[in-house]
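Residue numbers run from 1 in the order of the sequence given.
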Amino acid sequence: MSHSLCRVWLHLVFSTRNKEDLISISYEKDLFKFIKEKLFEELNIYVKIINGTSNHIHILLLLNSVVTIKDIVKFIKGSSSIWINKNNLCNECFSWQVGYSAYSVSEYNLEKVLNYIKNQKEHHKDVSFDKECEEFNKMIKSHD
């Protein structure tokens, strides 16, 4: 094969500092647009969808063969925190949690994950972010 092909979908999840409600509905769409555009412009990463709630976000993206997951998350958190704080969008100093979760997504499950991310606000009317994390961890452990 004379060229490389990388088609790996990734579902990223991470929260605000201490899971505080720092992402206001008034700027969340602009934040998601900023992240999506920056990832494409700076790292050549295609984002299918970004959504979340006031204390966390989910991102479905297509990895490339150059940038590591760790570097993608570092870039997202750093650039978006600077953007939020520079534009005074949050009443206090905005920052993200230290960690993150990353899950591979098969082409077969892409639509299912897309819809899950799309419906985050509805989902979290009944399920807390902590409970969601527990459920993800149970799924992972059940596949070990």
Side-chain angles (χ1 to χ4, degrees), residues 4-107 109-144:
S4 299
L5 174 65
C6 179
R7 187 153 176 92
V8 179
W9 289 99
L10 189 70
H11 178 186
L12 286 176
V13 184
F14 50 88
S15 77
T16 58
R17 171 191 68 235
N18 300 320
K19 299 176 193 160
E20 296 174 64
D21 295 328
L22 299 176
I23 303 170
S24 168
I25 197 90
S26 67
Y27 73 82
E28 75 170 9
K29 283 188 172 75
D30 291 332
L31 171 63
F32 301 159
K33 181 180 181 216
F34 172 82
I35 292 170
K36 185 175 184 172
E37 289 175 354
K38 276 298 222 191
L39 279 171
F40 189 75
E41 291 168 7
E42 302 289 329
L43 301 179
N44 198 31
I45 299 285
Y46 169 74
V47 174
K48 184 99 171 156
I49 189 172
I50 303 176
N51 200 7
T53 67
S54 61
N55 68 357
H56 74 283
I57 64 172
H58 293 253
I59 304 172
L60 181 60
L61 57 83
L62 192 57
L63 289 175
N64 64 32
S65 60
V66 180
V67 187
T68 67
I69 295 169
K70 177 182 147 191
D71 289 339
I72 292 168
V73 173
K74 183 179 178 181
F75 178 80
I76 293 168
K77 289 180 178 182
S79 61
S80 62
S81 293
I82 291 168
W83 180 80
I84 291 167
N85 289 320
K86 180 179 151 193
N87 290 294
N88 297 313
L89 298 174
C90 190
N91 291 333
E92 52 190 281
C93 184
F94 183 93
S95 63
W96 297 103
Q97 74 173 26
V98 173
Y100 63 92
S101 296
Y103 307 95
S104 61
V105 178
S106 70
E107 294 279 340
N109 285 319
L110 197 60
E111 202 63 32
K112 183 178 179 182
V113 174
L114 176 74
N115 287 326
Y116 177 77
I117 294 172
K118 190 184 294 183
N119 294 307
Q120 276 297 292
K121 288 179 185 47
E122 190 65 29
H123 172 69
H124 285 290
K125 287 180 181 176
D126 299 324
V127 179
S128 71
F129 180 54
D130 285 334
K131 185 70 173 164
E132 179 180 58
C133 292
E134 286 176 32
E135 289 172 3
F136 273 125
N137 289 334
K138 281 181 189 175
M139 275 193 302
I140 292 167
K141 288 181 182 176
S142 72
H143 289 48
D144 286 344

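- Of all heavy-atom pairs between Ile59 and Ile117, the closest is C-CD1, 4.3 Å.
- For the side chain to side chain donor-acceptor pair (under 3.5 Å) condition, the pairs that include at least one residue of residues 67-80, sequence neighbours left out, are Thr68-Asp71, Ser80-Trp96.
- The ring pair (Phe, Tyr, Trp, His ring centres under 6.0 Å) test applied to Trp9 returns no partner, not counting sequence neighbours.
- To the nearest 0.5 Å, atom NE2 of residue His11 and atom OG of residue Ser104 are 11.5 Å apart.
- Exactly one of Ile35, Leu12, Thr16 qualifies for a side-chain contact (heavy atoms from CB on, under 4.5 Å) with Ile57. That residue is Ile35.
- Atom-to-atom distance recorded for Ile84:CD1 and Ile23:CD1 is 6.5 Å, nearest 0.5 angstrom.
- Looking only at side-chain heavy atoms (C-beta outward), Leu110 and Leu60 come within less than 4.5 Å of each other.
- When side chains are defined from C-beta on, Val113 does not count as touching Tyr103, because their heavy atoms never get closer than 4.5 Å.
- Taking every heavy atom of both residues into account, Ile49 and Leu114 meet most closely at CG2-CD1, 3.5 Å.
- Heavy-atom minimum distance, Ile50 versus Lys36: CD1-N, 3.9 Å.
- A distance of 13.0 Å separates CZ in Phe40 from CG in Leu61, rounded to the nearest 0.5 Å.
- Residues Asn44 and Val67 have side chains not in contact (no heavy-atom distance under 4.5 Å, counting atoms from C-beta outward).
- Within the 4.5 Å cutoff, the side chain of Ile45 has heavy atoms near those of the Asn64 side chain.
- Atom NE2 of residue His56 and atom CG of residue Leu22 lie 13.5 Å apart, to the nearest 0.5 angstrom.
- More than 12 heavy atoms of other residues, nucleotides or ligands sit less than 6.0 Å from atom OH of Tyr46.
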Pair up each side-chain donor or acceptor in residues 87-94 with any protein partner under 3.5 Å, not counting sequence neighbours, and list the distances.
from	atom 1	to	atom 2	distance (Å)
Asn87	ND2	Trp83	O	2.8
Glu92	OE1	Arg17	NH2	2.8

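- Looking at heavy atoms from C-beta onward, Asn51 lies out of side-chain contact with His58 at the 4.5 angstrom threshold.
- Under the 3.5 Å distance criterion, the side-chain polar atoms of Asn109 are left unmatched by any main-chain donor or acceptor of Val105.
- Separation of atoms CD1 (Ile69) and CG (Leu63) is listed at 5.5 Å; rounding is to 0.5 Å.
- Ser81 and Ser95 get closest at one heavy-atom pair: OG-CA, 4.0 Å.
- Under the 3.5 Å distance criterion, the side-chain polar atoms of Gln97 are matched with a main-chain donor or acceptor of Gly99.
- Between Val73 and Tyr100, the shortest heavy-atom contact is CG1-CD2, 3.7 Å.
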